[in-house]
Structure formats: structure tokens, C-alpha cells
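So the structure is just underneath, and the comments pick up after that.
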Amino acid sequence: MTVISVEGVTKTFGSHDALTDLSVQFDDGGFYALLGPSGSGKTTLLRLIAGFEFPTSGRILFNGEHMEGLPAEKRDVGMMFQSYALFPNMSVFDNVAFGLTVRKLPAAEIRTRVAEALELVRLTGYDKRRPHELSGGQRQRVALARAIVFRPRVLLLDEPLSALDKALRLGMQVELRRIQRDVGITTIFVTHDQEEALTLADRVGVLRDGRLVQEGPPKQLYERPASAFTATFLGEANLFTGTAAEGRLALPDGTLLTPDRPAAPADTTCAVRPERVDILAPAEDPGARNVITGTVSEVIFAGTSLHYLVDWQGRSLKVTATNRGAEGAAAGETVRLAFAPRDTVLVTP
Amino acid sequence: MRAFSLGGLGRVYLVLVLLFLYCPIIVMAVMSFNESQFYTLPVKWSFKWYGALAGNERILSAAANSVGIAVLTTLIASVLGTAASLAFFRYRFRGREVMQLLLFPPIAIPWLITGTAMLLFFFWIGIGRGLHAMLLGHVALALPYVIIVTSARLKAYDPDLELAARSMGAPPWMVFRRVTLPFLAPGFLAAALFAFAVSFDQFVISYFLSVPGTSTLPVEIYTAIRKGFTPEINAISTIVIGFSMALLLGVARFYKFGGERK
């Protein structure tokens with residue numbers, strides 16, 4: 001049962017700051033995703049928590065215990081690597097047993113616990129296989145069993161699913177979630193895949209240039225992004241820039257948008273998700289919704305949904321509609337787009 | 001890659017290549033069992049020369065020196081070289097690329113020149129000649145081979161393996177013993193063989209660094225031939241060949257060089 005606190009951590013490589021004054025808390029038993037583009041510092045943060053690197057300044061605490069000076073082998077962390085890093089010269093059993101033999105547990109207990117761990121990842125009977133005799137998905141399960149079998153205080157996953165193909169990835173997401181709940185271990189995983197972060201995690205932290213830009217439950221991050229970066233990195237968003245005018249946002253063409261909350265004088269930008277935008281029928285009344293008029297430039301058919309690109313003020317706006325079989329707008333048509341004030345989210349630029 | 005079945009002509013070609021390699025050696029081995037010392041045919045089988053060899057103190061002590069120096073060279077060069085490869089693999093530091101490049105020229109520099117340089121240098125700094133000087137010379141010659149062979153093996157090494165072991169609680173020495181070393185083993189063994197061969201085969205440098213009366217087998221064979229050839233040389237050579245082949249075939253059976261251990 002472990003709460004992990006990262007307090008004011010800075011990590012410098014040469015003259016480059018990989019992390020700058022970063023603070024975040026990982027709650028006990030939580031499933032936490034660190035999301036960010038490459039170079040954002042998410043992997044560095046994971047390696048600092050694991051103990052492969054040490055912070056230049058700041059503190060890392062497990063249940064209030066100082067960890068920042070301890071090397072990995074003394075921290076009791078389970079880690080699963082992107083490459084899985086299974087020991088090629090050892091069988092599945094010996095791979096999983098490694099953390100237990102290091103702890104000098106009696107042989108009988110090692111056998112029981114390895115069997116339990118293999119059952120948990122549904123690989124019972126694979127004990128004698130070598131890593132090169134396993135499929136990608138099986139290797140990943142072995143890596144996971146190996147990381148949790150010695151009951152570490154925290155489980156760290158580095159891009160756990162990125163080496164799998166899409167079908168297998170979806171299956172493993174469900175598995176990973178189930179196992180994490182069963183074991184109840186505090187879990188932190190790093191990913192650049194926003195969908196994976198939203199699907200798996202209870203909380204998501206978005207990193208950019210070595211700083212934590214926003215942090216919270218997936219729904220909150222998606223619905224109420226604080227910055228244009230979060231809005232566009234986590235899903236898609238249409239950004240509108242204007243000036244605040246009596247609590248509303250005046251766009252350069254004169255359109256007034258009503259945002260989710262009264263705009264402060266400093267507010268200039270709002271974000272609107274493509275699936276929250278409706279294309280109005282010719283005589284339809286928009287009600288209290290924000291309306292802008294544009295010209296459809298492209299319609300992309302994607303099975304369950306339709307994606308429209310709409311030219312407005314020399315820009316291309318994205319609109320996503322569920323495919324309900326009705327005839328939608330065609331390219332070249334002039335249309336009115338409507339979106340509710342609560343979906344017009346003020347963000348920092 | 002698809003293996004095509006080899007036609008008759010191809011097989012004949014390969015047999016010729018192997019004959020080209022083995023013909024002189026086979027003749028030497030056969031003649032070591034010939035009673036006549038003048039390569040006369042037909043062969044009259046006898047162990048006469050092996051008997052004579054048993055009484056040849058000079059050759060036997062030279063053989064003992066050779067094996068001793070080769071074993072020590074193998075041990076020292078393999079350990080030092082593997083440590084150097086690991087350092088090149090693990091750390092990024094100024095001058096790393098230059099240092100790696102500088103490993104290659106000693107292999108190409110003629111041994112005669114290296115030997116002369118060593119002889120002069122060893123005299124100048126007071127090491128002089130003798131078995132200890134030979135050992136130093138052989139280790140220096142073997143090191144580049146060891147580093148290159150073990151580095152080739154390390155190219156396929158995933159450093160995450162060590163991190164994984166550490167995260168599971170293994171202290172550094174255990175990581176090395178249970179993860180790094182088993183992975184390196186085939187490369188280490190190939191490197192050790194190279195080191196042994198470089199030392200055991202070494203003539204030029206041993207010749208330069210030996211003192212009269214204490215030398216290695218190649219030097220002793222050369223001296224003996226200069227005084228006049230006797231089939232005892234065939235006999236000792238045949239023993240050496242048999243020993244080397246057994247060693248190499250034995251190792252090749254257990255390891256695929258440069259590839260995965262089977």
C-alpha cells in the first residue's frame with residue numbers, strides 16, 4: 001500500500017532540463033498514466049521513480065520515506081519494459097522467479113508464487129518455455145508476472161502495449177486493468193498514446209517540456225482541458241482565438257461565442273471538440289448555441305462516423321458526426337455549425 | 001534464406017578448397033608416423049619420432065612454456081578485454097569513438113614491427129626479455145581481438161535486461177553474474193579462443209622477447225629446423241594440431257559463433 005509523492009523534482013542532463021520543478025502525487029492503488037509527446041520527460045520521471053536515475057534536486061517519497069538517494073535494487077519497484085527485457089537465457093519460470101530467488105525465499109514458496117503469478121496472467125503451463133518461443137503477447141504477460149510476483153510497492157510500466165498490434169493491444173488493455181484491480185498495486189504507466197491513457201487510467205498527467213501541464217481523471221481532462229496543448233494532444237479540438245468582450249469571446253470576423261464560463265479580460269482562446277459540433281439543417285433553430293457559418297470542403301466516411309472538414313475564415317474546422325444513415329452535408333455546401341456554450345471551453349493558448 | 005541443394009560440381013569445388021587447406025597438414029601428420037626421416041614412400045608406420053620427442057627436453061619445456069603463456073594470456077586478456085568492451089558499451093565519454101577506432105590498427109601492424117618496438121621499449125624501461133616480457137606482449141596483442149569479439153556480442157545486448165534485474169532487487173554483482181555474464185558467455189568464449197590462438201601461434205614476438213634456453217614452441221621449432229630438420233618436428237606439430245582441432249571442434253559443437261546459443 002503505497003502513496004508516491006514527487007516533490008519539486010528537477011532532472012538535468014548536461015545543460016538540458018529533462019524535468020523542471022515537477023510535483024505530483026500518485027495515490028495508493030491508483031492506476032496512473034503519464035502522457036506526453038516524446039521528449040516531454042515522462043520516461044525520465046518513471047526512471048527517477050524506479051531509481052535508475054537520481055533527481056538533480058527535489059524529493060521522491062514512498063509513503064513518506066525518502067527514496068531519492070536509493071538505487072533501484074533497494075526500492076522494491078516492479079517494472080515492465082517496452083522491450084519486455086525478459087532474460088533470454090532463462091525459462092519462463094526462472095524469469096518470473098528471479099525477484100523471489102534474489103530475496104532468497106524458500107524453493108517451495110517460490111514455486112507456489114510463480115504458479116500464482118502465471119495463473120494471474122493466464123500462462124499456466126508455460127513454465128519451461130524460453131522467451132524466444134513465446135508470442136509478443138505472451139512475452140508481455142511474462143514480463144508483467146515477473147514485475148508483480150515479488151509484491152513490489154509500485155508497478156511501473158514503460159509504454160507497455162506499444163509493441164503489440166492493435167487487436168492484441170485492446171485485449172491486453174482489458175487484461176492489464178483486470179490484473180491491476182486484482183492485485184491492487186499502485187501503478188504508473190508511461191504512454192504517448194492518448195487513447196490508451198484515457199481507457200486505462202484513473203488519473204492522467206499530461207507532460208510537456210519537462211513540466212506537468214495538467215492532471216486529473218480522464219473525463220475531466222478531456223471535457224475541461226486547461227490549455228490548448230492538452231485539448232489538442234488529448235483528442236482533437238478546434239481552437240478559436242479572439243478577444244474577451246463582456247464575458248464572451250469576440251472572433252476576428254465579429255462572431256460572438258459564449259464560452260463555458262464568463263471570459264476574463266485575459267482569455268483569448270477556446271477549444272471545441274469535433275464531436276460536439278452539429279451541422280444544422282437549413283431551417284433548424286440553434287437555440288442558445290454558438291453558431292458559425294462555413295463551407296464543407298471534404299467529407300470522410302469512416303464507418304461508424306463521418307468526418308467533415310469545414311472551411312471557415314481560411315481555416316479548416318473538424319466536425320465529427322455519428323453515422324445514422326441520414327444523408328449528410330456534401331462538399332461545397334455552405335453550412336451552419338452549432339455548439340453549446342458548455343462545450344466551448346476556455347483554455348490557455 | 002533458402003538452401004539450394006548443391007550439385008556435383010559445387011561439391012567437388014568445396015572438397016578442393018578443404019584439400020587445399022588440409023593437404024600439407026595431412027602429409028605432415030602421416031610423415032610423423034613414418035619410420036624414415038626422408039619422406040620416403042611407402043610409409044613404414046612407427047612411433048619412433050614420438051619416442052624421440054619424449055626424450056627431447058628442449059621441445060617439451062618449450063611446449064610447457066607455450067601452453068602456460070597461452071593460458072595466462074587467455075585469462076588476462078579475456079577479463080581485461082571484456083571489461084573494456086563493457087565500458088565502451090555502457091558509458092558515453094569524450095574520446096570514446098577515437099579510442100574504439102584505435103583498437104584496429106594494432107591488428108594490421110606487422111608483428112615484426114610490433115615485436116621490434118616491444119623489444120626496444122621493454123629494454124628501455126627495464127623489463128627486458130623473458131617469459132614475463134612474452135606474456136606482456138601476448139596480452140597486448142590479444143586485447144584488440146577480445147574487445148572486438150565481445151563488443152560484437154554486446155551489440156545485441158538490451159541494457160534494459162540489467163535494469164530489469166535491478167528493479168527486481170538484484171545487487172550489481174548478481175546482475176553481472178546472472179544476467180550480463182550468461183549473455184556474454186558465447187562472445188567471451190570466442191574471445192578467449194582468439195586470445196589463446198594469438199598467444200599459442202605467436203612466433204615473431206616470442207622470438208624477439210625470448211632469452212636463449214627459455215622459449216616457446218614455435219620459436220623452438222624454428223630453431224630446430226635451422227639446425228636441421230628431424231621428424232620429431234612432425235610429431236610435436238601433429239600433437240599440437242590434434243589438440244587445437246579437438247579444442248575448436250569441441251567449442252563449435254556447443255556454441256554458434258556470433259549467434260544465439262543453441
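Note that these values count all heavy atoms, side chains included, but never hydrogens, waters or copies made by symmetry. Reminder, nothing fancy here: chain letters follow the sequence lines and each chain counts from 1.
- Within a 6.0 Å sphere centred on CG of B:L9, heavy atoms belonging to other residues, nucleotides or ligands number 12 at most.
- In A:F26, the CZ atom is crowded: over 12 heavy atoms of neighbouring residues, nucleotides or ligands sit closer than 6.0 Å.
- Rounding to the nearest 0.5 Å places CZ of A:R75 at 9.5 Å from CZ of B:R166.
- In this structure, A:F52 CZ and B:L163 CG are separated by 4.5 Å, a value rounded to the nearest 0.5 Å.
- Residue B:Y13 qualifies as open at atom OH: its count of foreign heavy atoms under 6.0 Å is 12 or below.
- Contact of the B:P172 side chain with the A:E73 side chain is registered, since non-hydrogen atoms from C-beta on lie closer than 4.5 Å.
- The shortest non-hydrogen separation linking B:L161 to A:L86 is CD2-O, 3.2 Å.
- Within a 6.0 Å sphere centred on CZ of B:F104, heavy atoms belonging to other residues, nucleotides or ligands number 12 at most.
- The contact between A:R47 and chain B is made entirely by side chain atoms (from C-beta outward), counting heavy-atom distances below 4.5 Å.
- For A:M90, the part sitting under 4.5 Å from any heavy atom of chain B is the side chain, from C-beta outward, and nothing else.
- Taking a 6.0 Å sphere around CZ of B:F89, one finds it holds more than 12 heavy atoms contributed by other residues, nucleotides or ligands.
- Taking chain A as the reference chain and counting heavy-atom pairs below 4.5 Å, the highest number among B:M174, B:R178, B:E162 is found for B:R178.
- Closest approach of B:A164 to A:R146, counting heavy atoms only: CB-NH2, 3.5 Å.
- Under a cut-off of 6.0 angstrom, the local environment of CD in A:E119 is sparse, with at most 12 non-hydrogen atoms contributed by other residues, nucleotides or ligands.
- Of the atoms belonging to A:F87, heavy atoms from both backbone and side chain fall under 4.5 Å from chain B.
- Residue A:L156 does not touch chain B at all, counting heavy-atom pairs closer than 4.5 Å.
- The two atoms that bring B:G169 and A:V102 nearest to each other are O-CG1, 3.1 Å, heavy atoms only.
- Atom-to-atom distance recorded for A:F150:CZ and B:S167:OG is 5.5 Å, nearest 0.5 angstrom.
- Within 6.0 Å of the CZ atom in B:F20, the count of heavy atoms belonging to other residues, nucleotides or ligands does not exceed 12.
- Distance check: B:D160 CG to A:D158 CG gives 7.5 Å after rounding to the nearest 0.5 Å.
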